[in-house]
**Q** 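Following this message is one structure expressed as structure tokens.
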Amino acid sequence: MILALESSCDESAVALFSPERGLAGEWIASQIATHARHGGVVPDLAAREHLRHFGPLLQQAQREVGFSAVTLVAVTHGPGLAPCLALGVAAAQALGRSLHVPVAGVNHLRGHVWSAFLPVHAAAPADFAARAAELLPHLGLVVSGGNTLLFTLDRERRVTVLASTRDDAAGEALDKGAKLLGLGYPGGPLIERVARSGRPDAFAFPRGIGARSDLGFSFSGLKTSLRYRIEKMTPAEVARDLPDLCSSYQEAVVDALERKTGLALEQGGGAFRSLGLSGGVANNGPLRDRLAALAKRERVAFLASRPEHTGDNAGMIAFAAWADPACRPAENLQIVPGLALEGN
Ligand code: AMP
Ligand code: MG
């Protein structure tokens, strides 16, 4: 069994995963309410919250499942907020020593990559290797508060980044847009809710998609465009048009993600067998629907993370530690706050 810890940002999470049976338990303490007051994640505050939550979470895991079958401790060692990563890695090292098992550092983004395959494993743990082989090569989209990445996973389970964002991440664009609209934090789910009664074509927002063959994303122009738009309106007009503003803004994000993903599939020349969607923004209903439809059109399997594994969680860290050949135990594990996806 693998015991995993995740503390890269504002979720303290613990999970136990068995390759034979799947996830045996997941325990998570969210800090969203703490940071919402500040309009975003405050690193020192997050570290303090992790310190407060990890003891009780681990106790609960021990009580409900137990650590006697643990053969590996896995922990997110980057990318993320340095004080938060340090707490998780220190806790993992202490657990590894006391349980006499090795500790593996897991790249947080690899966790998101593999979270799309967790449902495949859950459906038939014993058949995972064979099923995964049928689903590779894979094209995946990770969309979170800090990252927007298109990557491939080849038959040897090697991850290669195809494209990322030049400026803001998709989630960041939604969070900043929501802030401009006075909706609160985190913005993605709030925009989605208000957008339901709005029209996606009411306002023309830029897609930031650049040249036709370029896979890179850019979302900062979108945010600026919303700011200019709002500045030209009275507060009463903004309030009246809020659903249309949210719907059109969300549409610009979803459209850009869909178009670049479609382009990457096309550039793959029919080689991809599956399309993945993960990260916090993968919770977004319209985005899920549009990528599912894209996968159907392109005749590839659609692998979306389950809602509980879209945001930061330890289940995906445990799973990546097992499924990804790049995640190996290390002596004296270090934190790597700026770790890129390729450099695990
Ligand atoms: P993560 O960085 O993976 O923890 O994901 C957090 C990001 O996901 C934040 O930017 C949220 O605004 C975004 N997010 C969460 N739920 C949704 C949703 N339903 N629609 C769009 N974005 C969302
Ligand atoms: Mg994340």
Side-chain angles (χ1 to χ4, degrees), residues 6-13 28-36 38-41 43 46 49-50 76 78-81 84-85 88 106-116 118 140-149 164-165 167-181 183-196 198 200 217 219-220 222-223 226 246-258 276-291 304-317 320 337 341:
E6 155 65 41
S7 67
S8 61
C9 190
D10 59 346
E11 317 281 347
S12 316
I28 187 158
S30 171
Q31 309 176 2
I32 284 185
T34 308
H35 300 290
H38 303 275
V41 179
E49 287 290 293
H50 287 305
T76 304
L81 303 170
C84 302
L85 292 167
V106 177
N107 180 316
H108 178 82
L109 295 168
R110 281 182 197 269
H112 282 303
V113 164
W114 284 99
S115 70
L118 255 174
L141 177 66
V142 172
V143 266
S144 68
N147 291 278
T148 307
L149 285 170
S164 59
T165 178
D167 37 62
D168 293 351
E172 197 177 351
L174 292 166
D175 292 340
K176 287 177 175 170
K179 203 168 183 174
L180 287 170
L181 292 165
L183 289 176
Y185 173 88
L190 298 168
I191 287 192
E192 180 177 8
R193 202 173 319 140
V194 180
R196 277 188 203 126
F217 300 97
F219 291 106
S220 70
L222 170 62
K223 173 196 63 192
L226 176 65
C246 286
S247 181
S248 302
Y249 191 79
Q250 174 179 266
E251 173 61 21
V253 173
V254 170
D255 189 39
L257 294 171
E258 183 194 6
L277 176 63
S278 56
V281 185
N283 261 313
N284 187 267
L287 177 61
R288 275 185 182 244
D289 294 348
R290 296 267 282 278
L291 285 207
S305 304
R306 286 189 179 148
E308 67 268 30
H309 294 127
T310 52
D312 296 340
N313 65 92
M316 69 181 190
I317 300 302
L341 179 52

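Throughout, numbering of the chain's residues begins at 1 and tracks the sequence. Every heavy atom of this structure was used, including side-chain atoms; hydrogens, water molecules and symmetry mates were not. Keep in mind that this is a model prediction, so the values were computed, not measured. Counting starts at 1 for both ligands and their atoms, following the listed order.
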**Q** Locate the shortest heavy-atom distance separating Leu180 from Lys223; write the atom from each residue and the value.
**A** CD1-O, 3.7 Å
**Q** What part of Asn283 sits under 4.0 Å from ligand 1 if we count only heavy atoms: the side chain, the backbone, both or neither?
**A** both
**Q** Please indicate whether any nitrogen or oxygen in Gly145 is less than 3.5 Å from any nitrogen or oxygen in ligand 1.
**A** yes
**Q** Which atoms from ligand 1 have a heavy atom of Glu192 less than 4.0 Å away?
**A** 18 (C), 19 (N), 20 (N)
**Q** Output yes when the distance from some N or O of ligand 1 to some N or O of Gly171 is under 3.5 Å, and no in every other case.
**A** yes
**Q** Please identify which atoms of ligand 1 are closer than 4.0 Å to at least one heavy atom of Asp312.
**A**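 In order of number, 3 (O), 4 (O).
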**Q** What do we get for Asn284 next to ligand 1 when only non-hydrogen atoms under 4.0 Å count, side chain, backbone, both or neither?
**A** both
**Q** Search all heavy atoms of Leu174 against all heavy atoms of Gln250 and return the closest pair with its distance.
**A** CD2-CA, 4.5 Å
**Q** Out of Gly177, Gly280, Ala173, Gly187, who is nearest to atom 8 (O) of ligand 1 when you count heavy atoms only?
**A**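 Among Gly177, Gly280, Ala173, Gly187, the closest heavy atom to atom 8 (O) of ligand 1 belongs to Gly280.
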**Q** Report the C-alpha separation of Val142 and Leu341 in whole Å, then their side-chain angles, then the decisive distance to 0.1 Å, and conclude whether the side-chain contact (heavy atoms from CB on, under 4.5 Å) test is met.
**A** CA-CA 11 Å; Val142 172; Leu341 179 52; 6.0 Å; no
**Q** Looking only at heavy atoms, which two atoms of Pro337 and Leu85 are closest? And how far apart?
**A**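 Taking every non-hydrogen atom into account, CA-CD1, 3.6 Å.
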**Q** Rounded at 0.5 Å granularity, tell me how far CG in Asp289 sits from CD in Glu258.
**A** 10.5 Å
**Q** Using a strict 4.0 Å cut-off to heavy atoms of Leu174, name the atoms of ligand 1 that fall inside it.
**A** 21 (C), 22 (N)
**Q** Geometry only, no angles: is Gly311 polar-contacting ligand 1 at N/O separations under 3.5 Å?
**A** no
**Q** Does any N/O atom on Gly146 come nearer than 3.5 Å to any N/O atom on ligand 1?
**A**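 So ligand 1 has no N or O lying under 3.5 Å from an N or O of Gly146.
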**Q** With distance as the sole criterion, is a donor-acceptor pair present between the side chains of His112 and Ser278 under 3.5 Å?
**A**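 The answer is no; no qualifying pair exists.
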**Q** Just say parallel, tilted or perpendicular for the rings of Phe217 and Phe219, cut-offs at 30° and 60°.
**A**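 Phe217 and Phe219: parallel rings.
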**Q** May I have the step-by-step check of side chain to side chain donor-acceptor pair (under 3.5 Å) for Ser115 and Ser305, ending in yes or no?
**A** CA-CA 6 Å; Ser115 70; Ser305 304; 2.7 Å; yes
**Q** Atoms of ligand 1 less than 4.0 Å from Asp175 heavy atoms?
**A** 9 (C), 10 (O), 11 (C), 12 (O)
